[in-house]
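Here is the structure we will look at.
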Amino acid sequence: MSAAPDASEGDVNSSPLRARWRAGLSAATRALLDEDERHFLHQSLSTPCLDVIERAEGATLIDVDGRRILDFHGNSVHQLGHGHPAVVAAIKAEMDRLPFSPRRYANRTAIALARRLGEIAPAPLSKCLFAPSGAAAVSIALKLARVATGRHKTLSFWDAFHGANLDTIGVGGEALFRKALGPMAPGAEHLPPLRLVERLFGPDRPFERFADMIDYVLGVQGDVGALIAEPMRWTTVEPAPPGFWPRVRDACTRHGALLIFDEIPSGLARTGTMFGCEQTGATPDILVLGKGLGGGVMPMAAIVADAKLDVAGDTALGHYTHEKSPLGAAAALATLDAIDKEGLIDRARALGARGMAHLARLRAKAPMIAAVRGLGCYFGVEIGGAGAPGLADRLLYACLERGLSFKIGGGTVLTLCPPLTIADEEFDRAFAILEAAFDAVA
Ligand SMILES: Cc1ncc(COP(=O)(O)O)c(C=O)c1O
């Protein structure tokens, strides 16, 4: 098994293929991209950019040249597609009524969202705090674990991603986000990445042995405050087999560490259940949500915690300016309503089956595919062989030229994240584009 580079997202923007792609853009688009570079600091995975977007509707991005692009990337915020009418209407109505809620005041919309999240989260999770980004919500969870346990140490996994703030990259494990930044938070200890468990622990019950190791690491130290994990590490990794997370859950309980599940991309119907953890057999002490919570429009994230953890009344856990954002809460309530009314949990499963059928056919004819996998409506196509990262980049650019955008995970995995509201015809068209790209690259 080859080790993929430590990056959740291949940096296609710095790929040598970008120059050819850029030459195919209109002069107007190139001028705007140049202006973007003049005014924004350069950083990886961002500026320089690929294209300039003018509009976004449903599953489609429309660039300034009028090119339509099926968005199977969407930063994983678009369970409801772009600009869902109910979300937009709820935000507009809230904007007319209460555009901002200053600190020290409660507001009905935020209260309604906190109540709703407490009702739908697995018991005993019931009390919330909100934040304006996923990373900020992870920070709250880490602080709460420190206060509740009196311990500052954490365990997390190499290769994990928990947000791009300095504290969250410390518990994250992706080299791309840590490089050139100096020392990370003290006490942030790392476990081997889930994708290497079989390589490191052998073919005989590897995950059971890995859970034993976690139990040992927690026990031998006795002062770890929290273990934070993505229970579903997206398409770069097969989900851990049944039994693994319950063992980790038991070990945390036994050794007095809190279990934090970061479900920022995997929550809210994406995996075919409302929360991914429902499929793991383990309930965390703190669940972190974000991304699609704001309906793909508002920045909105939350933690939902066991009410027993309401023990930090004297500590500023969040203290974010837009903490109880009525606009974010209105977007989130409209999102949860749409998930229910439009049956998006079932839709995620149906699209999952449809997508896996497409991928099985594609795999049969494309020997460069090492594996295909899916979880609800999220798919991974792993490119194998020595030149896999370069090939993955070429496939991405071949798809972009044909009107399909997605991201590359771990350097070699094409990760496809469609809206759950997408029409069958658009969904099938995206897979036809993918097939055409494989034909072109082969
Ligand atoms: C698993 C996970 N955690 C945390 C974050 C951070 O969320 P945000 O970008 O809203 O800070 C992300 C974003 O990609 C994520 O995928």
Side-chain angles (χ1 to χ4, degrees), residues 6-11 43-46 71-79 129-143 145 154 156-174 176-178 184-185 188 190 193-195 226-237 239-240 245 259-268 270-271 275-277 280 284 286-304 318 320-323 325 328 331-332 335 375-376 378 380 405-410 413 415-417:
D6 287 328
S8 64
E9 187 168 350
D11 196 352
Q43 63 165 340
S44 63
L45 304 169
S46 171
D71 188 7
F72 277 36
H73 182 310
N75 291 9
S76 315
V77 304
H78 61 336
Q79 283 94 326
L129 279 175
F130 298 158
S133 72
V138 170
S139 286
I140 292 178
L142 294 172
K143 286 195 218 169
T154 54
S156 52
F157 295 84
W158 284 115
D159 280 7
F161 183 68
H162 295 296
N165 291 354
L166 201 50
D167 57 345
T168 55
I169 55 172
V171 292
E174 294 201 22
L176 175 75
F177 293 96
R178 299 161 66 101
M184 296 287 135
H190 285 72
L194 290 167
R195 73 185 166 94
L227 185 149
I228 178 166
E230 299 156 89
M232 313 282 172
R233 177 58 172 130
W234 286 131
T235 41
T236 42
V237 181
W245 289 113
L259 179 62
I260 302 171
F261 274 168
D262 175 347
E263 288 218 28
I264 286 167
S266 63
L268 306 179
R270 169 63 63 193
T271 63
F275 304 106
C277 65
T280 64
I286 305 175
L287 179 65
V288 190
L289 303 171
K291 291 201 182 269
L293 186 62
V297 182
M298 295 301 298
M300 189 65 187
I303 68 159
V304 195
Y320 296 112
T321 300
H322 289 270
E323 184 184 317
S325 162
T335 300
L375 187 67
Y378 208 131
S405 172
F406 54 82
K407 103 180 174 188
I408 298 176
V413 184
T415 67
L416 308 171
C417 177

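Read the numbers this way: they start at 1 and go in the same order the structure lists the ligands and their atoms. Predicted model only: the values in this text are computed from it and were never measured.
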Legend entry - Closest non-hydrogen atom pair, Trp158 against Pro193: O-CB, 3.1 Å

Legend entry - Of the listed options Ala131, Pro299, Gly134, Ser76, closest to atom 7 (O) of ligand 1 (non-hydrogen atoms): Gly134

Inset, instruction - Identify, by atom number and element, the atoms of ligand 1 in contact range of Asp262, meaning under 4.0 Å from any of its heavy atoms. - result: 1 (C), 2 (C), 3 (N), 4 (C)

Legend entry - Donor-acceptor contact below 3.5 Å, side chain Gln79 vs main chain Gly267: yes

Legend entry - Minimum-distance pair of heavy atoms, taken over all atoms of Gly170 and Ala188: O-CB, 3.6 Å

Legend entry - Any Val138 heavy atom less than 4.0 Å from ligand 1: no

Inset, instruction - State if Pro265 counts as touching ligand 1 under the rule of any non-hydrogen atom under 4.0 Å. - result: yes

Inset, instruction - Look at the side chain of Lys143 and the backbone N and O of Gly318, then say whether any donor-acceptor pair between them is shorter than 3.5 Å. - result: no

Legend entry - Expected output: side-chain Asp262 to main-chain Ile264 donor-acceptor under 3.5 Å: yes

Legend entry - The one among Ser266, Gly172, Gly163, Ala164 that brings a heavy atom closest to atom 5 (C) of ligand 1: Gly163

Inset, instruction - Report the part of Ala135 (side chain from C-beta onward, or backbone N, CA, C, O) that has a heavy atom under 4.0 Å from ligand 1; answer both or neither where that applies. - result: both

Inset, instruction - Determine, using heavy atoms of Lys291 and all atoms of ligand 1, whether some pair is separated by less than 4.0 Å. - result: yes

Legend entry - Whether His73 side chain and Ile408 backbone form a donor-acceptor pair below 3.5 Å: no

Legend entry - Ligand-residue contact atoms, ligand 1 with His162, heavy atoms, under 4.0 Å: 3 (N), 4 (C)

Inset, instruction - Please round to the nearest 0.5 Å and tell me the distance separating atom CZ of Phe161 and atom CD of Glu230. - result: 8.5 Å

Inset, instruction - Specify side chain, backbone, both or neither for Glu230, according to which of its non-hydrogen atoms lie closer than 4.0 Å to ligand 1. - result: side chain

